[in-house]
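Reading through the structure tokens given below for one structure.
Starting from 1, each residue takes its place in the sequence as its number.
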Amino acid sequence: VVAYIRARHLLLVVSEQHIAKPCALHAHSVAMAKNILIVCTSWDKLGDTDEPTGCWAEEVVAPYHVFKRQGYNVVIASIKGGEIPMDDASLNPPYLTKEVEDFLLDDDAMKGVMESLPLSDVRAADFDAVFLPGGHGACWDFPDNAALQSLLGEFVAAGKVVAAVCHGPVGLVNIKGPDGQPLVAGKKVTGFSDAEEFAVAKEGVVPFLLEARLRQLGGRYEAAAEKWAPHAVRDGNLVTGQNPASSAATAQLVVQALS
């Protein structure tokens with residue numbers, strides 16, 4: 001919570017005209033609006049170390065804004081519920097984006113990350129799509145969490161849109177498709193590249209390298225030509241993005257899949 005308070009305090013010096021207003025739904029009736037579930041990590045340390053981590057802010061915020069601009073209803077949940085731990089680096093320059101600044105000043109949006117729903121209170125039947133942001137914390141509480149795996153399985157079985165960005169696809173590695181094969185097998189897919197993991201010197205800390213695992217499962221892994229460049233892919237109802245810069249593009253492909 002200290003990271004949130006510090007970032008919010010610094011931003012409150014800006015003029016009120018810069019404070020983000022809740023997106024209007026005037027062009028979309030509530031009855032017609034799509035319902036999107038964003039599921040975040042609750043893990044706040046790098047493995048068994050004391051080094052803090054969590055969710056990466058841009059990977060929640062950019063999709064949130066894309067969905068709200070479409071008039072969608074957005075619910076933010078997390079593995080445990082309550083305050084979502086954010087990687088402090090994602091709340092500070094040079095990674096602090098204008099959209100994250102606006103989000104920090106939006107009371108309604110902030111309530112979603114400070115009082116997120118526990119996954120146990122969420123039903124797949126209530127949503128049209130699920131979106132998994134990353135952050136290194138996801139590497140520990142996404143792949144084997146029974147509630148998340150069950151929920152994602154229900155989305156897949158119902159033919160709904162399943163999306164993930166950066167480290168978010170770690171939540172997909174144990175999910176099976178309707179044919180009993182890994183969900184990603186034979187599909188175009190991306191996620192935080194092994195080159196990017198080595199670049200941030202976390203290759204020896206994370207439980208597994210995401211790109212390597214996706215390839216091992218039969219995924220047709222793609223990446224941008226340059227590290228950190230935006231890259232998002234859609235294969236039917238499976239949508240994935242490579243890194244934080246891919247967050248908005250990944251959400252836009254979700255919108256495309258729902259259209």
- Any donor and acceptor pair, going by atom type alone, linking the side chain of Asn243 with main-chain N or O of Ala229 inside 3.5 Å? yes

Group every Ile, Leu, Val, Met, Phe, Trp and Tyr by side-chain heavy-atom contacts under 4.5 Å, then state whether Val100 and Val74 land in the same group. yes

Check: What class does the angle between the rings of His136 and His167 fall in, given that below 30° is parallel, 30 to 60° is tilted and above 60° is perpendicular?
Finding: tilted

inquiry  = Within the structure provided, determine whether Met86 and Asp88 are in side-chain contact (heavy-atom separation under 4.5 Å).
reply    = no

Counting only heavy atoms not in Asp121 (residues, nucleotides, ligands), do more than 12 fall under 6.0 Å from its CG? yes

Q) Are Arg123 and Asp126 within salt-bridge range, i.e. N to O under 4.0 Å? A) yes

message: Apply side-chain hydrogen bond (donor to acceptor under 3.5 Å, both in side chains) to residues Thr41 and Asp141 and explain how you reach the verdict.
response: CA-CA 7 Å; Thr41 180; Asp141 66 353; 2.8 Å; yes

- prompt: Given the rule in the side-chain hydrogen bond (donor to acceptor under 3.5 Å, both in side chains) test, do Asn174 and Asp144 qualify, once you have shown the distances and angles that lead to the verdict?
  reply: CA-CA 8 Å; Asn174 292 323; Asp144 299 310; 3.2 Å; yes

Sub-3.5 Å donor-acceptor pair from the side chain of Thr190 to the main-chain atoms of Gly241, do we have one?
-> no

Taking atom types as modelled and ignoring hydrogens, do the side chains of Asp87 and Ser90 form a donor-acceptor contact shorter than 3.5 angstrom? no

Hphob cluster co-occupancy, Val206 + Leu132, side-chain heavy atoms under 4.5 angstrom
no

State yes or no: do Val189 and Val254 share one hydrophobic cluster built from I, L, V, M, F, W and Y residues joined by side-chain heavy-atom distances below 4.5 Å, directly or via other members?
no

Minimal heavy-atom distance between Leu104 and Leu96, with the atoms involved, is CD1-CD1, 4.3 Å

Exactly one candidate in Phe192, Phe142, Trp140 meets side chain to side chain contact (heavy atoms under 4.5 Å, CB included) with Val170; the answer is Phe142

In Glu211, His231, Glu196, the residue satisfying side chain to side chain donor-acceptor pair (under 3.5 Å) with Gln242 is Glu196

* **Greater than 12 external heavy atoms within 6.0 Å of Lys160's NZ** => yes

| field | Ion pair Glu222/Lys187, N-O distance below 4.0 Å | value | no

Distance col, row Thr49:OG1 vs Lys45:NZ, nearest 0.5 angstrom, shows 8.0 Å

Rounding to 0.5 Å, atoms OG (Ser247) and CZ (Phe131) come to a distance of 6.0 Å

Donor-acceptor pair, distance only, cut-off 3.5 Å: does the side chain of Asp235 make one with the backbone of Lys188? yes

>> Are Phe155 and Leu183 connected into the same hydrophobic cluster when the rule is that any two of I, L, V, M, F, W, Y join if their side-chain heavy atoms are below 4.5 Å apart?
In response: yes

Between the side chains of His65 and Gln70, does any donor sit under 3.5 Å from an acceptor? no

Checking Ser259 against Gln256: is there a side-chain donor and acceptor pair closer than 3.5 Å?
no

Quiz item: Gln149 side chain to Gly171 main-chain N or O, any donor-acceptor pair under 3.5 Å?
Solution: yes

* If you draw the axis of the six-membered ring of Tyr221, does the NZ or CZ of Arg215 fall within 45° of it and under 6.0 Å from the ring centre? -> no

Practice prompt. Look at Asp102 together with Lys98 and state whether they make a salt bridge at an N to O cut-off of under 4.0 Å.
Written response: yes

